[in-house]
Amino acid sequence: MSLLDGYAIKLDELKQHGNLRQFRSNRQHGRYIEINQQQMLNLSSNDYLGLAADLQLREQFFDETPSDQRIMSASSSRLLTGNFPAYEALEARLSQAFQGRAALLFNSGYHMNIGILPALCDAKTLILADKLVHASIIDGIRLSSAKYVRYRHNDLEHLRQLLQKYHLDENFNRIIVVTESIFSMDGDETHLAELVQIKQQFNKVMLYVDEAHAIGVRGEHGLGCAEQHGVIDEIDFLVGTFGKALASIGGYLICHPIIRDYLINSMRPLIFSTAQPPICMAWSDFILQKVFTLQQSRQHLQQISQYLKQAVQAKGFDCPSTSQIVPIILGESQKTVNKAQALQQAGFYIMPVRPPTVPQHGSRLRICLNRQVNTDDLDQLIALL
Ligand SMILES: *Cc1c(COP(=O)(O)O)cnc(C)c1O
């Protein structure tokens with residue numbers, strides 16, 4: 001028996017249950033994706049504003065960026081020699097956009113979420129997290145020395161009960177409430193204004209809100225749900241990613257300057273990993289300035305999202321979405337896989353999502369809309385449901 005056999009058996013099991021994950025090569029042009037020589041409308045991308053697909057934008061960036069600024073490696077952490085001007089320029093831009101609060105950049109949203117909580121929590125910290133937070137947040141919680149309790153998804157009444165129970169507990173001198181604004185699998189959202197009201201009733205509480213699916217998409221200037229609801233200053237740790245609507249790579253934190261300084265001194269993924277190439281920072285900065293002005297794209301996205309949600313509900317399906325992520329919950333896994341295949345054959349690239357990513361009997365088609373989709377596309381899709 002070879003040392004590899006155990007792994008091979010596990011892989012076989014995954015395959016038998018239809019749960020084997022594999023890379024698939026694809027080519028993308030504009031709003032289309034091509035797999036196995038079949039061209040489909042891409043309804044699975046996080047490029048919500050169509051900026052990653054925009055060739056002209058890319059050309060403009062390279063035209064404006066001289067070769068001596070196209071720096072392809074930071075060659076070390078920012079604490080050694082990696083702190084290029086492009087980093088400070090992007091942080092200054094973020095800080096200015098987010099009402100003068102401090103900003104700190106990370107190599108990815110994943111780095112950010114596995115690094116911040118372990119750096120800030122000790123055994124006297126309690127984390128209360130929404131049941132459906134992203135895997136990166138779960139990993140961060142697990143790496144931290146905090147105690148943690150999950151509250152029912154989007155159930156702020158449950159959160160309030162837990163806070164009432166724990167805020168007088170002498171074992172904890174800090175409680176961090178962790179949630180996403182828009183959730184990646186249900187496309188629903190936390191009521192941020194209400195969350196902030198709850199926080200204000202308990203003096204030990206800090207808020208950690210991940211806007212990965214909301215940055216670029218919500219708010220007058222695209223700063224996320226926190227901007228939309230006027231609560232940017234009230235969220236202690238406001239985080240997001242450049243990897244989705246912002247068409248780049250990296251994570252950001254908006255916080256108090258003391259928190260920023262503390263993380264620079266304690267956050268392991270920040271200290272012990274080579275910083276991103278400065279050219280990526282320059283691109284993120286370039287994109288961010290565009291994003292501030294894309295009100296029309298945001299409106300269009302909201303319109304088509306509502307249009308699709310209403311049509312899905314009219315067909316009798318469950319649909320919790322209030323955003324550009326529109327799941328169609330079919331329940332049964334095999335049925336969902338078959339339906340996704342049929343839609344792909346008809347030219348719509350939609351992926352099935354099954355347990356354990358979603359709860360048992362919660363299999364779904366997950367549709368991600370982007371600015372390049374229109375209501376005619378959706379009419380064709382709806383006819384196939
Ligand atoms: C995608 C995602 C991340 C990870 O961000 P990356 O920049 O892709 O590493 C973190 N949190 C949430 C909620 C996400 O959806």
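Order of listing sets the numbers, starting from 1, for every ligand and every atom in it.
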When you measure from the heavy atoms of Gly243 to every atom of ligand 1, does any distance fall below 4.0 Å?
no
Determine all donor-acceptor pairs shorter than 3.5 Å in which one atom belongs to a side chain in residues 231-240; sequence neighbours excluded.
from, atom 1, to, atom 2, distance (Å)
Asp236, OD1, Lys199, NZ, 3.4
Asp236, OD2, Lys199, NZ, 2.9
Asp236, OD2, Leu207, N, 2.7

What about Tyr252 and Phe106, are their ring centers closer than 6.0 Å?
no
Flag the pair Arg31 / Asn42 as yes when at least one side-chain heavy-atom distance between them is below 4.5 Å, and no otherwise.
no
Just which atoms of ligand 1 are under 4.0 Å from any heavy atom in His213?
15 (O)
Shortest protein heavy-atom distance from atom 11 (N) of ligand 1, along with the residue and atom involved
Asp210 OD2, 2.7 Å
Quick test of your reading of the structure: of Glu211, Met185, His111, His134, whose heavy atom lies closest to atom 3 (C) of ligand 1?
His134
Determine whether the side chain, the backbone, both or neither of Val133 has a heavy atom under 4.0 Å from any heavy atom of ligand 1.
neither
With sequence neighbours left out, which residue pairs that include part of residues 131-156 fulfil the ring pair (Phe, Tyr, Trp, His ring centres under 6.0 Å) condition?
His153-Phe183
Would you check the N or O atoms of Ser184, main chain and side chain alike, for any that come under 3.5 Å of an N or O of ligand 1?
no
If you define the side chain from C-beta out and look only at heavy atoms, does anything of Leu195 sit under 4.5 Å from Leu192?
yes
Between Ile304 and Leu308, is any pair of side-chain heavy atoms under 4.5 Å apart?
no
Within a distance under 4.0 Å of any heavy atom of Thr241, pick out the atoms of ligand 1 and give their elements.
5 (O), 6 (P), 7 (O)
Under a 4.5 Å cut-off applied to non-hydrogen side-chain atoms, are Val209 and Thr190 in contact?
no
Relative to the heavy atoms of Asn113, which atoms of ligand 1 are at a distance of less than 4.0 Å?
10 (C), 11 (N)
Please could you name the atoms of ligand 1 that Ser136 approaches to less than 4.0 Å, counting only its heavy atoms?
10 (C), 11 (N)
If the cut-off is 4.0 Å to any non-hydrogen atom of Tyr110, which atoms of ligand 1 fall inside it?
4 (C), 5 (O), 6 (P), 9 (O)
Taking atom types as modelled, is there a side-chain donor on Ser145 or Asp122 under 3.5 Å from an acceptor on the other?
no
Should Glu180 be counted as touching ligand 1, given the test is an N or O pair under 3.5 Å?
no
Charged N-O contact under 4.0 Å between Arg152 and Glu157:
no
Distance under 4.0 Å to a non-hydrogen atom of Lys244: what atoms of ligand 1 satisfy this?
1 (C), 2 (C), 3 (C), 14 (C), 15 (O)
Give the residue, atom name and distance (to 0.1 Å) of the protein heavy atom nearest atom 5 (O) of ligand 1.
Gly109 CA, 3.3 Å
